[in-house]
Amino acid sequence: MDFEAKLNEEQYAAVTAPDGPALVIAAAGTGKTHTLTHRLAWLLLNNKAREREVLLLTFTNKAAREMIERTRALTEGRAPSKYCGTFHSFSNRLLRSHADRLGFDRDYSILDQDDARKLVRACADELEIEKKHFPKPEVLLSLFGVVSGSMGDLSAAADAQFEHTEVDADDVLRVHARYQERKRESNAMDFDDLLIHAHRLLRDHEAVRSFYQEEFKYVLVDEYQDTNAIQAELVHLLVKAHGNLMVVGDDFQSIYSWRGADFRNFLDFEKAYPGAKTYKLQINYRSTPEILEVANEVIAGNPQQFQKELRAVRASRSLPRLVKVRDGSVQARYVIERARELNRGGIPFSEICILYRSHFHAMELQMELARAQMPYVVTSGVRFFEQAHVKDVCTVLRLLVNPSDELAFSRLLQLFPKVGAKTAQKIFGKLNGRVNLQREETHDQLVAMLPAAARDEWGKVRPVFLAYREENLQNDPGEVVFRFNKAFYGEYMVENFDNHKFRQEDLDGLIDFTVKFETTESFLSEIALLTNLDAESANAPANEDEQQDALRLSTVHQAKGLEWQAVFVLFVNEEMFPSKKAVEESGDAEERRLFYVAVTRAKDELFLCCPMVRRQHDGGIIFLDPSRFLAEIPEDLLQQDGGGFY
């Protein structure tokens with residue numbers, strides 16, 4: 001094969017790199033997968049290694065399958081080792097041969113998420129831990145996973161996560177210890193254990209380590225900037241003897257620190273592997289020169305990074321647009337109108353994506369899309385008003401407006417300890433199918449029927465319901481949600497959702513959003529009508545092409561690795577993008593990388609939307625400042641556009 005003809009100069013240098021450690025810094029749209037698959041092919045076709053001696057590690061099965069298939073096509077059927085795949089699948093193959101060295105039988109079971117949740121719950125029951133203020137199993141499993149991945153201290157992490165709750169961190173440690181014992185007794189491992197035990201195997205058993213160091217003469221790792229501590233250490237143990245390691249990635253796109261990823265593995269690669277050669281891929285095949293100029297300016301402000309600059313091969317088009325509009329509702333109408341224009345100009349709706357930093361940024365847009373009956377797909381999860389935490393707090397409002405709403409009553413009651421669907425149904429019946437929580441007497445009756453564990457918790461929310469009438473909050477649904485969240489639901493989220501910080505941001509946005517409505521009734525009616533319109537749109541008969549031709553809505557995190565002809569980025573404002581909470585916790589470096597990822601998803605058209613005001617739930621208006629990231633882009637690189645939507 002003529003590799004030189006199939007690769008640009010930068011790619012060719014990386015593909016034909018000599019033995020030893022190599023760092024390939026592949027900027028957005030520069031052909032990372034193309035380069036990695038040709039490296040695999042080059043190793044096989046040039047007799048550097050046999051198929052079983054080349055190991056590829058990835059983060060998704062899809063990426064592994066794609067690269068292996070491409071390699072097969074390039075080499076007329078030859079493919080790298082059967083061990084190739086995700087870190088977890090590789091670890092599983094390793095352990096199937098050697099688990100007995102760690103005290104497991106080789107036919108160990110792998111617990112799926114449901115199995116793991118049930119076992120953690122059983123451990124808590126066995127230890128007789130009071131569940132009134134104890135995290136759900138999925139929250140604990142997420143904590144255990146992040147800590148094990150970072151090779152950190154579980155005690156310190158538990159103290160930090162539950163610092164402002166009534167959770168006893170010592171109970172968390174007790175459950176963790178018993179969970180480990182129960183898994184070993186059952187000859188079972190969970191998903192995180194695969195990495196933990198594979199690492200132990202290579203670290204503590206020299207004969208096994210030596211065998212696999214000899215077996216895999218070349219190791220390649222995709223998306224290395226997203227590795228955590230244990231993954232990086234696992235790789236190091238595999239290549240320690242020969243050093244033939246090539247890692248590929250982009251520090252500019254390291255955006256998963258909240259999942260335990262540590263981009264320092266990428267930045268410090270040359271320190272960890274002295275003598276490593278570095279290759280930069282900077283020729284971008286995806287975006288127009290104008291979009292790339294903006295991307296280069298966006299990322300230049302980060303101090304800790306490998307400096308590189310995207311260079312375009314595509315012809316020039318129009319400048320990206322800076323869209324200054326009055327507020328979120330106007331922003332939504334602007335996006336819809338421009339999307340229609342782009343569609344009339346030949347761009348399919350499926351090639352138009354609206355990106356946002358946080359889910360609540362898309363509230364107004366989802367409502368306007370439903371009104372306009374425009375098809376859309378939320379690629380980053382369920383639609384905003386269908387999310388569990390949003391529905392939970394809205395049940396409070398539903399029950400205040402309609403005391404006969406049994407579904408709302410049941411959902412609300414099941415938030416409290418020891419209350420299940422049958423208990424809620426029984427209580428509703430005893431209250432004669434009408435639960436007027438604006439009356440003291442109803443609360444007295446209800447408390448008498450609640451399980452003992454739920455009574456104190458109900459006492460926290462009782463004042464919220466009584467204030468609805470006493471303080472005339474009928475016209476202020478946001479205040480009701482605010483008080484319910486402060487009294488009870490904020491802590492409930494910490495104990496029940498592993499991503500509680502993101503959900504809290506959603507509720508903060510929802511509270512401010514309610515100011516658009518004059519009454520609680522009008523707010524609930526609008527949500528119900530629009531949710532039904534969404535459902536009708538989603539269930540409407542359509543052929544396959546029509547189903548596919550819908551606008552894409554996504555968080556930026558979920559959009560990494562994807563691309564569209566046209567991209568809109570919502571709320572490019574201070575405290576929104578970048579996120580206020582993220583900046584307060586860890587500075588703006590990762591937020592800037594996240595914005596870079598958003599910009600580089602666009603191939604032809606880019607719209608950066610910047611509303612000027614946002615109303616708060618107390619009736620006040622706050623003026624929104626443009627994002628600091630916009631301030632870093634020279635004015636001549638953006639076309640100003642209000643589009644007549646002021």
Side-chain angles (χ1 to χ4, degrees), residues 130-136 139 162 164-167 387-428 430-431 433-497 500 503-504 506-508 510-512 514 519-521 523-524 527 617-618:
E130 171 58 53
K131 290 201 191 71
K132 183 175 176 181
H133 285 292
F134 195 68
K136 274 193 172 179
V139 174
F162 303 116
H164 302 296
T165 72
E166 296 181 45
V167 174
Q387 296 177 105
H389 54 298
V390 175
K391 293 179 76 171
D392 284 347
V393 298
C394 285
T395 58
V396 176
L397 302 174
R398 285 172 55 189
L399 202 54
L400 283 166
V401 169
N402 177 12
S404 300
D405 189 336
E406 183 177 2
L407 291 176
F409 177 75
S410 180
R411 186 180 186 105
L412 175 65
L413 230 58
Q414 288 181 68
L415 299 177
F416 293 85
K418 305 289 187 182
V419 181
K422 288 183 179 178
T423 301
Q425 184 181 25
K426 190 181 297 183
I427 293 174
F428 189 77
K430 288 182 178 179
L431 292 171
R434 186 170 176 81
V435 188
N436 188 346
L437 293 174
Q438 299 179 46
R439 299 171 64 246
E440 288 272 11
E441 307 90 280
T442 305
H443 287 274
D444 292 338
Q445 291 176 282
L446 178 58
V447 168
M449 291 183 278
L450 282 173
R455 290 171 187 165
D456 288 344
E457 295 302 292
W458 187 266
K460 295 177 181 178
V461 302
R462 180 172 180 155
V464 177
F465 290 101
L466 296 175
Y468 190 71
R469 184 177 63 185
E470 293 170 2
E471 299 180 35
N472 194 30
L473 297 181
Q474 293 92 333
N475 300 334
D476 196 350
E479 180 65 19
V480 177
V481 173
F482 174 79
R483 294 187 187 191
F484 179 70
N485 184 61
K486 185 176 181 181
F488 168 76
Y489 197 73
E491 183 170 345
Y492 175 90
M493 285 195 291
V494 176
E495 296 172 9
N496 287 273
F497 299 119
H500 63 92
R503 292 177 188 257
Q504 184 58 60
D506 285 344
L507 295 189
D508 291 342
L510 177 71
I511 289 166
D512 287 342
T514 60
T519 65
T520 300
E521 290 93 329
F523 170 67
L524 292 174
I527 290 176
H617 86 276
D618 60 6

Listed by chain and number, what are the side chain to side chain contact (heavy atoms under 4.5 Å, CB included) partners of [X], not counting sequence neighbours?
X	answer
V481	V393, L397, I511
N496	K136, Y492
F428	E406, F409, V435
N402	S404, D405

What's the separation between atom [atom1] in [X] and atom [atom2] in [Y], rounded to the nearest 0.5 Å?
X	Y	atom1	atom2	answer
T442	R462	OG1	CZ	9.5 Å
D512	D508	CG	CG	7.5 Å
L415	D392	CG	CG	4.5 Å
L413	R411	CG	CZ	13.0 Å
L524	R398	CG	CZ	8.0 Å
T395	F484	OG1	CZ	6.0 Å

Donor-acceptor under 3.5 Å ([X] side chain, [Y] main chain):
X	Y	value
S410	L407	no
Q438	L400	yes
R455	V447	yes
E491	E166	yes

Do [X] and [Y] have side-chain heavy atoms sitting under 4.5 Å apart?
X	Y	answer
L437	L446	yes
F134	E495	no
M449	L431	yes

Checklist entry - F465 and V396: side-chain contact (heavy atoms from CB on, under 4.5 Å), yes or no, with the steps? => result CA-CA 8 Å; F465 290 101; V396 176; 3.7 Å; yes
If I compare all heavy atoms of [X] with all of [Y], which pair ends up nearest, and what's the gap?
X	Y	answer
T520	P477	OG1-CB, 3.7 Å
P417	A453	CG-O, 3.7 Å
Y489	A388	OH-O, 4.3 Å

Next on the checklist: Suppose the criterion is side chain to side chain donor-acceptor pair (under 3.5 Å): which pairs have a residue in residues 418-428, not counting sequence neighbours?
Outcome noted: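 Those involving residues 418-428 do not exist here.
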Next on the checklist: Is there a side-chain contact (heavy atoms from CB on, under 4.5 Å) between T165 and H133? Walk through the geometry before answering.
Outcome noted: CA-CA 8 Å; T165 72; H133 285 292; over 6 Å; no
Next on the checklist: Can you classify the ring geometry of F416 versus F488 as parallel (below 30°), tilted (30 to 60°) or perpendicular (above 60°)?
Outcome noted: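 Correct class here is parallel.
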Checklist entry - With sequence neighbours excluded, what pairs up with R439 under the salt bridge (Lys or Arg N to Asp or Glu O under 4.0 Å) test? => result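 Per chain and number, R439 pairs via salt bridge (Lys or Arg N to Asp or Glu O under 4.0 Å) with E441.
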Next on the checklist: Would Q504 and H500 count as a side-chain contact (heavy atoms from CB on, under 4.5 Å) here? Give the steps.
Outcome noted: CA-CA 6 Å; Q504 184 58 60; H500 63 92; over 6 Å; no
Next on the checklist: For a side-chain contact (heavy atoms from CB on, under 4.5 Å) check, start with the C-alpha distance between L466 and E440, then their side-chain angles and the critical distance, and finish with the verdict.
Outcome noted: CA-CA 7 Å; L466 296 175; E440 288 272 11; 3.3 Å; yes
